[in-house]
Protein chains: 2
Amino acid sequence: MKPHQLFFHHYRSMYRPYTNTANDYLGKHKLFIAQWAVMKYIISSGPRTLVDIATYQQVEKPTITRTVQKLLELNYVEVIPGKDKREKMIQLTELGKQVSEEVEVTIEQFQLKALKGISSEEQIEVSRILEKVKNNLLE
Amino acid sequence: MKPHQLFFHHYRSMYRPYTNTANDYLGKHKLFIAQWAVMKYIISSGPRTLVDIATYQQVEKPTITRTVQKLLELNYVEVIPGKDKREKMIQLTELGKQVSEEVEVTIEQFQLKALKGISSEEQIEVSRILEKVKNNLLE
DNA sequence: AATATATGGTTACCTTTACTAACCATAAAA
DNA sequence: TTTTATGGTTAGTAAAGGTAACCATATATT
């Protein structure tokens, strides 16, 4: 099998184990991976618009609208006014912050388990390459 | 951002660009990535049972049942008897073989474009690591 | 100033992909 | 012979996301 075929096969065959396991961990907090990804983003970067979030995650706007709606229902995020009347900034609620702290522990544990035996340098290297592939695809 | 967080963020944010672009390329041949993955597998390994395919792709059996059903409708694969009365071996039809040859050209082009600027060694290294993560997750 | 275009966001509708639970038929083990 | 395991299917449901069309507001153009 050629390297480029190997690459995409392994990329794909990690996907379900990753998603299913992550969602198992997150179920405790009534979250799914797509929702948690939004929370994680606004934790580390502060309040963000829907477009920011969509761009960051590489999905379309309606997808983010829906994900954020679920987080609003859970009372984990709230909307604050943006720099004009169109924009909505999404930020964590107090409840969202509390939950996040628990989730971060859970998820860190999950991620470290998943990455057992893989050095930080390797993790960074793979991140760099996956990002490059993403950029190649978007050109 | 910590290396393990980076790792999973980039893993995820490559997913939609990859899937969408691949499906665009495959649309020409009336295929989707999940279907092509099955064809690809039986091209390189010969006829396989549904369980083999499910294990290889890391998805559940019903998922493969349906994917194979679509390939049967397209007349790209056919069923031959397995080693007992339960097993079904899936193999390419003549039409499937013809189509595959065209698709392989298309997809190779797509994959090489996606991996532009990434050496074979790097591709192999990333494959190895993604496989390891998958195995860690399955433990 | 008036019109046209761009941007942020939503709604409606549809699709891909996959899961679980329950089941059938056959095979292997007790 | 009965029990358990294996290969596969069906039915029902869900996560996640896409496109097209649209509203409201903002920016650019004439």
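Here is the naming used below: chain letters follow the sequence lines, and residue numbers restart at 1 for every chain.
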Tyr56(B) and His9(A) aromatic ring geometry - parallel, tilted or perpendicular at 30°/60° bounds: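 It falls in the parallel class, under 30°.
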Once the angle between the rings of Tyr11(A) and Tyr18(B) is folded into 0 to 90°, is it parallel (under 30°), tilted (30 to 60°) or perpendicular (over 60°)? perpendicular
Let's test your reading of the model: under 3.5 Å, does the base of dG8(D) pair with the side chain of Arg66(B) as donor and acceptor? no
Look at the side chain of Lys61(A) and the base of dG9(C), then say whether one donor and one acceptor between them are separated by less than 3.5 Å.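 Present.
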With a 4.0 Å cut-off on heavy atoms, is [X] in touch with a base, just the backbone sugar-phosphate, or nothing at all?
| X | result |
| --- | --- |
| Gln69(B) | sugar-phosphate |
| Ile33(B) | sugar-phosphate |
| Thr49(B) | sugar-phosphate |
| Arg16(B) | sugar-phosphate |

I want to check one thing: is the phosphate of [N], taken as OP1 and OP2, less than 4.0 Å away from some side-chain N or O of [X]?
| X | N | value |
| --- | --- | --- |
| Asn23(A) | dA16(D) | yes |
| Asn20(B) | dG18(D) | yes |
| Thr65(B) | dG8(D) | no |
| Thr63(B) | dC19(C) | yes |

Judged by each residue's nearest nucleotide on DNA chain C, which is more toward the 5′ side, Arg12(A) or Val51(A)?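 Looking at the nearest nucleotide for each, Val51(A) comes out on the 5' side.
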The side chain of [X] lies closest to which of these nucleotides: [options]?
| X | options | answer |
| --- | --- | --- |
| Glu60(A) | dC19(C), dA25(C), dT19(D) | dT19(D) |
| Pro62(B) | dA26(D), dA5(D), dT9(D) | dT9(D) |
| Leu50(A) | dG17(D), dA27(C), dG9(C) | dG9(C) |

How long is the gap from CZ on Phe7(A) to CD1 on Ile129(A), to the nearest 0.5 Å?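 One gets 7.0 Å once the value is rounded to the nearest 0.5 Å.
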Separation between CD of Glu60(B) and CG of Asn20(A), rounded to the nearest 0.5 Å: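 Going from the CD atom of Glu60(B) to the CG atom of Asn20(A) covers 7.5 Å.
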Please report, rounded to the nearest Å, how far the [atom2] atom of [N] is from the [atom1] atom of [X].
| X | N | atom1 | atom2 | answer |
| --- | --- | --- | --- | --- |
| Glu87(A) | dC23(D) | CD | P | 22 Å |
| Phe32(B) | dA18(C) | CZ | P | 12 Å |
| Lys30(A) | dA14(D) | NZ | C1' | 18 Å |
| Ile53(A) | dA16(D) | CD1 | P | 15 Å |
| Arg86(B) | dT26(C) | CZ | C1' | 5 Å |
| Gln35(B) | dT17(C) | CD | P | 7 Å |
| Lys70(A) | dT10(C) | NZ | C1' | 15 Å |
| Lys88(B) | dT10(D) | NZ | P | 8 Å |

Does the side chain of Asp24(B) come under 3.5 Å of the side chain of Thr21(B) through a donor N or O and an acceptor N or O?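 Judged by distance alone, the side chains do not pair up.
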When you match Ala34(A) and Lys83(B) each to their closest nucleotide on DNA chain D, which lands nearer the 5' end?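 Residue closer to the 5' terminus by nearest nucleotide: Lys83(B).
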Surrounding NZ of Lys30(B) (heavy atoms of other residues, nucleotides or ligands, distance under 6.0 Å), is the total greater than 12? no
